[in-house]
Participant: 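Below is one structure. I have some questions about it.
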Amino acid sequence: MKDPRAWMRPHLRECMPYTTARDLYQEGLFLDANENPYGTLAPEYGDDLNRYPDPQVGDLRAALAAWLEVEPERLWIGNGGDEALELLHRAFVDPGESVVVCTPTYGMYAITARAHGAQVREAPLDGAFDLDVSRTLGEARGAKIIFLCTPNNPTGNVLDPERVERLAEGFDGLVVADEAYVEFSDGRSLIRAVPGHRNLVVLRTFSKVWGLAGARVGYFLADPEVVQILDRVNLPYPLSRASARAACLALARPDRMAEWRLKIVAERARLSRKLSELGFHVFPSQANFVLVRVPNARAAYRRLASEFGVVVRDRSDVPRLEDCLRISVGKPEDSDRVCQALEAMGAR
Ligand code: PMP
């Protein structure tokens with residue numbers, strides 16, 4: 001039986017979570033946390049911003065659990081998916097231990113691992129950029145975490161959820177499936193698979209379809225034990241009042257989110273078609289960006305910004321993605337502008 005405590009960094013067995021009086025008491029005369037009693041100079045963000053936020057992130061936790069139809073104790077909530085990556089390393093990966101990244105993929109997995117003194121092993125995705133289960137399991141022997149991204153950034157495809165589950169079955173360590181872009185896909189989310197796999201962590205964010213990149217709110221769904229282990233290395237009051245409130249307001253408007261999702265998915269198809277018509281190879285995408293092969297991509301990237309004021313992402317130095325640019329799906333007029341610029345440059 002897999003037990004998340006077996007993967008925890010050994011010294012954390014002696015570390016208890018930081019606790020505050022507010023963990024117990026959310027009401028009363030607050031003389032416990034050395035705050036300013038008079039008020040805040042930024043009341044636009046809430047007239048109680050002089051007070052520390054709820055350490056349990058209770059309102060957002062309840063709203064999110066209801067939205068996802070999951071148990072609240074399975075949720076870790078913090079400052080974006082990137083902070084989750086940081087804390088997962090802090091909790092589970094000792095310096096010198098290994099993590100596995102399935103390349104080409106989101107760069108922060110390897111950056112965070114190296115910052116923690118971990119070894120980064122690469123398990124390349126297959127020819128269709130899907131998961132190669134046996135190769136990844138081979139690479140992952142003795143490793144602590146395997147990082148997957150589905151839909152994958154920057155290739156845009158979803159990984160076969162059956163393969164992800166097989167990987168989780170076969171691996172004695174954590175499998176982190178990053179679903180930052182899942183709302184744009186028509187694939188099956190791995191959220192429902194979490195109760196069946198104690199080592200599966202599904203990472204999500206409010207930065208994409210929910211329109212809250214500036215608030216930095218992310219969460220993951222996992223075994224309650226994994227969430228409790230993270231509490232041992234979490235900072236006090238882990239999410240700002242303003243950010244938690246912003247995410248609650250967003251969750252109260254799923255209609256707006258659904259509308260944006262439809263618009264972005266429709267625009268992704270139009271942008272992909274327009275780029276293909278210009279003669280570029282466009283990788284099929286299930287996310288809110290498209291990967292496109294443009295001759296001399298580095299130069300095209302620079303000219304797009306300097307001559308046309310259009311900023312895209314240059315991925316041309318990523319192995320297997322030579323001459324690739326990643327273009328976010330914006331509004332229809334944004335697609336028109338980037339396509340016109342590429343055409344005017346004679347990039348083809
Ligand atoms: N995962 C992936 C795959 C991403 O592309 C990003 C953002 N670029 C993140 C996580 C980080 O998301 P957040 O804004 O929630 O930190």
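Model, not experiment: these values are computed from the prediction. For ligands, and for the atoms within them, numbers begin at 1 and follow the listed sequence.
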Participant: Give the atom numbers and elements of ligand 1 that come within less than 4.0 Å of a heavy atom of Ala180.
Facilitator: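 Numbered from 1, ligand 1 contributes 1 (N), 2 (C).
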
Participant: May I ask you to decide whether Glu162 forms a salt bridge with Arg188, counting only side-chain N to carboxylate O separations under 4.0 Å?
Facilitator: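 Here Glu162 pairs with Arg188 in a salt bridge, since their nearest N and O are under 4.0 Å apart.
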
Participant: At less than 4.0 angstrom from any non-hydrogen atom of Tyr181, what atoms of ligand 1 do you find?
Facilitator: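 Ligand 1 atoms under the 4.0 Å threshold to Tyr181: 3 (C), 4 (C), 5 (O), 8 (N).
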
Participant: Taking the six-membered ring of Phe308 (Phe, Tyr or Trp), confirm whether the NZ or CZ of Arg337 is under 6.0 Å from its centre and within 45° of its axis.
Facilitator: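 Pair Arg337/Phe308 does not count as cation-pi.
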
Participant: In terms of relative ring orientation, are Tyr109 and Tyr106 parallel, tilted or perpendicular, with 30° and 60° separating the classes?
Facilitator: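 Geometry flag for Tyr106 against Tyr109: perpendicular rings.
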
Participant: Examine Ser207 against ligand 1 and note whether any of their N/O atoms are separated by less than 3.5 Å.
Facilitator: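 Indeed, backbone or side chain, Ser207 has an N or O that close.
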
Participant: Is Arg216 near ligand 1, meaning one of its heavy atoms is under 4.0 Å from it?
Facilitator: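 The answer is yes, since Arg216 has a heavy atom less than 4.0 Å from ligand 1.
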
Participant: Who's closest to atom 9 (C) of ligand 1 heavy-atom-wise, of Tyr106, Phe289, Phe206?
Facilitator: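 Among Tyr106, Phe289, Phe206, the closest heavy atom to atom 9 (C) of ligand 1 belongs to Tyr106.
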
Participant: Could you pull out all residues at least two apart from Glu139 that satisfy side chain to side chain donor-acceptor pair (under 3.5 Å)?
Facilitator: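 Side chain to side chain donor-acceptor pair (under 3.5 Å) check on Glu139 returns nothing, list empty.
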
Participant: Using a 4.0 Å cut-off to any heavy atom of Lys208, which atoms of ligand 1 qualify?
Facilitator: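 Those of ligand 1 that fall under 4.0 Å from Lys208 are 7 (C), 8 (N).
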
Participant: Give the atom numbers and elements of ligand 1 that come within less than 4.0 Å of a heavy atom of Cys149.
Facilitator: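 With Cys149 as reference, the close atoms of ligand 1 come out as 3 (C).
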
Participant: Ignoring hydrogens and angles, write down the donor-acceptor pairs under 3.5 Å from the side chains of residues 10-19, residues two or more places apart or on other chains.
Facilitator:
none

Participant: Nearest protein heavy-atom contact for atom 2 (C) of ligand 1: which residue, which atom, what distance?
Facilitator: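 The closest heavy atom on the protein side is Asp178 OD2, 3.3 Å.
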
Participant: Identify the residue among Leu131, Thr136, Val133 that makes a side-chain contact (heavy atoms from CB on, under 4.5 Å) with Arg166.
Facilitator: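 Single pass found, and it is Val133.
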
Participant: Under 6.0 Å between ring centres: does that hold for Phe30 and Tyr25?
Facilitator: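 Ring centroids of Phe30 and Tyr25 are no less than 6.0 Å from each other.
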
Participant: Can you find an N or O of Thr205 that's nearer than 3.5 Å to an N or O of ligand 1?
Facilitator: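 Yes.
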
Participant: Which of the numbered atoms in ligand 1 are under 4.0 angstrom from any heavy atom belonging to Gly80?
Facilitator: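 Going through ligand 1 atom by atom, the ones under 4.0 Å from Gly80 are 13 (P), 15 (O), 16 (O).
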
Participant: Considering only protein heavy atoms, which is closest to atom 11 (C) of ligand 1, and at what distance to one decimal place?
Facilitator: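 Going by distance alone, atom 11 (C) of ligand 1 is nearest to Asp82 OD1, 3.3 Å.
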
Participant: Going by atom types alone, do Arg268 and Ser285 pair a side-chain donor with an acceptor below 3.5 Å?
Facilitator: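 No, because no side-chain N or O of Arg268 sits under 3.5 Å from a partner of the opposite role on Ser285.
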
